[in-house]
Amino acid sequence: MAAMQVHLVDATYELFRHYYGAPKRSDPQGREVGATVGLIRSLAKMLREEGATHVGCAFDHVIESFRNQLFEGYKTGEGIDPDLRSQFELAEQACRALGLVVWPGVELEADDLMASAARRYVQEEAVDRILLCSTDKDLAQCVEGTRIVCLDRRRGLLIDEEGVRDKFGVGPESIPDYLALVGDSADGIPGIPRWGAKSAAAVLSRYLHLEDIPERAEDWEVTVRGASSLAENLAERRPQALLYKRLATLRYDAPIQESLHDLEWRGARRKPLESLCRDLDSEAALDLIPRWQNEE
């Protein structure tokens with residue numbers, strides 16, 4: 001029996017990737033739809049070539065989330081190109097027409113939905129591996145051994161728990177602490193002054209979590225260049241650091257209702273997808289679909 005893999009796709013990331021990487025194109029009404037067409041083609045490739053039998057697609061239905069109530073500087077939808085923003089709901093429609101489960105995030109973000117889904121489906125004995133299809137740094141906190149891994153589909157790069165340690169210098173359990181110290185510009189987390197990747201990795205490899213880092217550098221059981229300044233900056237901004245950690249910590253309580261059986265891909269929905277591709281003036285994408293549902 002073939003190994004069962006669950007692909008959890010950060011579809012908003014995929015949409016952004018295709019908006020900035022795929023050719024622009026307009027539908028007959030003059031709307032920009034290139035990113036959506038690119039998404040359809042990319043997911044069809046995944047279903048055809050990458051062994052995706054069970055799939056869930058998470059979306060940021062809106063950019064803002066509960067984190068914006070915690071920190072004014074957290075990322076917002078401000079500055080997103082209207083031609084990209086106008087394709088958000090269109091992309092969700094495309095994924096549903098492809099026959100894929102769609103989770104649209106409003107209060108929670110796509111990464112929270114993926115984290116919650118990973119935690120739910122990893123409990124299924126039939127699941128051999130869960131692939132978090134995204135390049136977002138914060139998803140590294142969800143990695144478990146070789147059973148929950150991150151996948152950069154564009155580069156074909158898998159990152160398991162050992163890969164997380166190689167990349168960040170810390171294990172998955174310390175990723176929120178690491179991002180709190182170093183910052184994450186993609187999410188608007190500024191980090192703590194003077195803390196960089198090397199210093200954060202060195203200190204967290206010893207203490208694991210922000211809360212356990214001694215306030216005085218003299219009490220550190222690790223040698224780090226500029227330790228006095230690092231300790232002083234963290235001591236002065238410890239409440240902010242803990243807030244940043246909360247922002248970087250993914251939620252696992254999203255209401256994921258679908259069973260593993262529900263995630264099984266049974267083919268694209270012919271009528272909705274044909275209609276959508278016709279509207280997008282992209283009927284050639286239909287040739288990429290490997291299987292269609294038997295619909296009434």
Flag, side chain of D279 to backbone of L276, donor-acceptor distance under 3.5 Å: no

Residues, nucleotides or ligands: over 12 heavy atoms within 6.0 Å of R194 CZ: no

Heavy-atom pair with the smallest gap, counting every atom of V203 and V224: CG2-CG2, 3.7 Å

From CG (L263) to OG1 (T53), nearest 0.5 Å: 9.5 Å

Salt bridge (Lys or Arg N to Asp or Glu O under 4.0 Å) between K75 and D184, intermediate numbers included: CA-CA 10 Å; K75 67 179 179 181; D184 186 354; over 6 Å; no

Any donor-acceptor pair under 3.5 Å from S116 side chain to L113 backbone: no

Straight-line distance of L139 CG to L151 CG, nearest 0.5 Å: 11.5 Å

Of Y178, F71, W195, Y74, the residue whose pairing with Y244 passes ring pair (Phe, Tyr, Trp, His ring centres under 6.0 Å): F71

Trace of the side chain to side chain contact (heavy atoms under 4.5 Å, CB included) decision for D10 with L132: CA-CA 8 Å; D10 183 346; L132 301 169; over 6 Å; no

Over 12 foreign heavy atoms within 6.0 Å of CD, E72: no

Euclidean distance, Q87 CD relative to F16 CZ, rounded to 0.5 Å: 10.5 Å

Pairwise distance OG(S185) to NZ(K137) - rounded to 0.5 angstrom: 6.0 Å

Test salt bridge (Lys or Arg N to Asp or Glu O under 4.0 Å) applied to E161 and R165, step by step: CA-CA 7 Å; E161 188 164 337; R165 294 183 186 279; 3.6 Å; yes

Enclosure of E264 CD (heavy-atom neighbours >12, cutoff 6.0 Å): yes

E236, CD atom: more than 12 neighbouring heavy atoms under 6.0 Å: yes

Stepwise side chain to side chain contact (heavy atoms under 4.5 Å, CB included) check, Y207 with D177: CA-CA 10 Å; Y207 295 106; D177 307 85; over 6 Å; no

Minimum heavy-atom distance between Q141 and Y252, given as atom pair plus value: O-OH, 4.0 Å

Pair R251-E109, salt bridge (Lys or Arg N to Asp or Glu O under 4.0 Å): steps then yes or no: CA-CA 9 Å; R251 295 263 297 268; E109 298 177 43; over 6 Å; no

Heavy-atom pair of closest approach, residues S205 and G169: CB-O, 4.2 Å

Geometric class of the W103/Y121 ring pair [parallel <30°, tilted 30-60°, perpendicular >60°]: parallel

For the student: nearest non-hydrogen atoms of E64 and T76, plus distance: OE2-CB, 3.3 Å

Minimum heavy-atom distance V149-T146, with the two atoms named: CG1-O, 3.7 Å

NZ/NE/NH1/NH2 to OD/OE distance under 4.0 Å, R153 and E14: yes

Pair R147-E144, salt bridge (Lys or Arg N to Asp or Glu O under 4.0 Å): steps then yes or no: CA-CA 6 Å; R147 194 151 181 246; E144 293 183 10; over 6 Å; no

Test side chain to side chain contact (heavy atoms under 4.5 Å, CB included) applied to D187 and R67, step by step: CA-CA 10 Å; D187 287 340; R67 293 177 175 87; over 6 Å; no

Chi angles and distances behind the side chain to side chain contact (heavy atoms under 4.5 Å, CB included) call for L234, L181: CA-CA 8 Å; L234 179 57; L181 292 173; 4.0 Å; yes

Reported CG-to-CZ distance for the pair L210 and R246, which is rounded to 0.5 angstrom: 14.5 Å

Chi angles and distances behind the side-chain hydrogen bond (donor to acceptor under 3.5 Å, both in side chains) call for D136, Y13: CA-CA 8 Å; D136 280 5; Y13 160 73; over 6 Å; no

For K245 against E211, the heavy-atom pair lying closest together: NZ-OE1, 2.9 Å

Gap separating the CE atom of M4 from the CD atom of E124, nearest 0.5 angstrom: 8.5 Å

